[in-house]
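Before anything else, here's the structure in question.
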Amino acid sequence: MRTNLSIDDLDGFLDEPLVAVLATLRKDGTVLLSPVWHEWRDGGFNVWVGTDDVKARHLRRDSRASILVAESQNPLRGVEVRGVARIIEDGAHETAVRIASRYIGPEKAAAYVGSAGDEVTVRLDPGGLRVWDFADEHEAMDR
């Protein structure tokens, strides 16, 4: 497994509409893992959630979070970011539509997201960043 890579070493991996897993902390300290739509933008992850979504409630109480995006086909690339999440209300509707467009296309995104005002953006900039792939192992299997 190749490690100590940068996001740029993954050849546009985060541009693909893969579902990410967001980890937040419950009151009792256990972890909630949630599948989420996301975008990698300006060096961090944006995730669209409802204003009163359980993930947003968790992050308002304890802002520590992690997000993981990994593929299940070769070369098995992945990214994990750990850090302190911010809840951003300004521009959240536009961000939600942009994120939804990645997954279902722009013609359906606005209707899917609905009217403005019921969403926030969870912003997670890397406090810790782990990037990997199994490209070397994949190439060795192909020989």
Side-chain angles (χ1 to χ4, degrees), residues 1-139 142:
M1 175 171 68
R2 297 185 323 154
T3 58
N4 298 319
L5 302 173
S6 72
I7 298 293
D8 293 335
D9 292 327
L10 297 183
D11 300 323
F13 167 68
L14 291 178
D15 295 332
E16 297 178 21
L18 297 169
V19 173
V21 177
L22 177 67
T24 59
L25 295 172
R26 296 181 177 104
K27 285 181 186 178
D28 67 3
T30 59
V31 175
L32 174 68
L33 298 174
S34 302
V36 294
W37 289 354
H38 71 280
E39 67 177 353
W40 177 260
R41 190 175 182 97
D42 300 326
F45 281 102
N46 290 329
V47 175
W48 152 49
V49 301
T51 301
D52 197 40
D53 184 273
V54 67
K55 296 175 286 298
R57 291 193 315 263
H58 286 175
L59 292 169
R60 286 185 183 103
R61 188 186 73 270
D62 186 334
S63 59
R64 293 176 294 168
S66 295
I67 192 167
L68 172 77
V69 181
E71 64 187 351
S72 58
Q73 296 180 4
N74 288 326
L76 300 171
R77 298 169 292 179
V79 174
E80 176 194 11
V81 167
R82 297 171 312 281
V84 174
R86 293 181 289 134
I87 303 289
I88 302 170
E89 295 180 12
D90 291 341
H93 185 74
E94 293 78 14
T95 299
V97 171
R98 190 175 59 241
I99 290 171
S101 293
R102 296 184 60 211
Y103 293 88
I104 60 175
E107 60 285 343
K108 296 179 183 176
Y112 184 83
V113 171
S115 60
D118 192 31
E119 62 277 314
V120 294
T121 301
V122 172
R123 175 67 183 186
L124 189 56
D125 293 306
L129 174 66
R130 208 167 52 111
V131 179
W132 68 90
D133 75 19
F134 284 85
D136 294 341
E137 287 83 348
H138 178 63
E139 290 173 14
D142 287 342

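Computed from a predicted structure; not experimentally measured. Values reported hereafter were calculated over all heavy atoms of this structure, with side chains retained and with hydrogens, waters and symmetry mates removed.
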Check: Atom NZ in Lys55, atom CG in Leu32: separation rounded to 0.5 Å?
Finding: 7.0 Å

Check: Just wondering, more than 12 heavy atoms not from Arg64 lying within 6.0 Å of its CZ?
Finding: no

Checklist line | Residue pair Ile99 / His38, side-chain heavy-atom distance below 4.5 Å | finding: no

Next item on the list: Keeping to residues at least two apart or across chains, list the ring pair (Phe, Tyr, Trp, His ring centres under 6.0 Å) pairs with something in residues 91-111.
Entry: Trp37-Tyr103

Note to self: Let me confirm one number: the CH2-CG distance from Trp132 to Leu10, rounded to the nearest 0.5 Å.
What the structure shows: 9.5 Å

Checklist line | Thr30 and Asp28 side chains, donor-acceptor separation under 3.5 Å | finding: yes

Note to self: Looking at Glu16, I want to see if its CD is surrounded by more than 12 non-hydrogen atoms of other residues, nucleotides or ligands under 6.0 Å.
What the structure shows: yes

Notebook entry, point to check: Out of curiosity, Leu129 CG to Asn4 CG, how far, rounded to the nearest 0.5 Å?
Noted result: 10.0 Å

Notebook entry, point to check: Does Gln73 CD have over 12 foreign heavy atoms under 6.0 Å away?
Noted result: no

Margin query: So which atom in Ser63 and which in Val84 form the shortest heavy-atom distance, rounded to 0.1 Å?
Written below: OG-CG1, 3.1 Å

Next item on the list: Starting at CZ of Arg86, measure out to OG1 of Thr121 and round the result to the nearest 0.5 Å.
Entry: 10.0 Å

Checklist line | Closest contact, heavy atoms only, Leu59 versus Ala65 | finding: CD2-CB, 3.8 Å

Next item on the list: Determine yes or no for a side-chain-to-main-chain donor-acceptor pair under 3.5 angstrom, with Arg61 supplying the side chain and Arg26 the backbone.
Entry: yes

Check: If you measure from OG1 on Thr24 to CG on Leu124, what distance do you get to the nearest 0.5 Å?
Finding: 11.5 Å

Next item on the list: Would you mind reporting whether Val122 and Val36 have side-chain heavy atoms less than 4.5 Å apart?
Entry: no

Item checked: Check: Val97 and Glu94 side chains under 4.5 Å, non-hydrogen atoms -> no

Item checked: Glu119 side chain vs Ala92 backbone, donor-acceptor pair below 3.5 Å -> no

Next item on the list: Write down the atom of Leu18, the atom of Ala70, and the distance for their closest heavy-atom approach.
Entry: CD1-O, 4.5 Å

Notebook entry, point to check: Which atom names give the shortest non-hydrogen contact between Thr51 and Gly117, and what distance separates them?
Noted result: OG1-O, 3.7 Å

Notebook entry, point to check: In Å, rounded to the nearest 0.5 Å, how long is the span from CG of Leu68 to CD of Glu80?
Noted result: 6.5 Å

Note to self: Contact between Ile7 and Leu14 at the side-chain level, heavy atoms closer than 4.5 Å - yes or no?
What the structure shows: yes

Solution key, residues 42-50 side-chain donor-acceptor pairs under 3.5 Å, sequence neighbours excluded:
unit_1	atom_1	unit_2	atom_2	d
Asn46	OD1	Arg123	NH1	3.1
Asn46	ND2	Glu39	OE2	2.9

Check: Are any non-hydrogen side-chain atoms of Leu25 and His58 less than 4.5 angstrom apart?
Finding: no

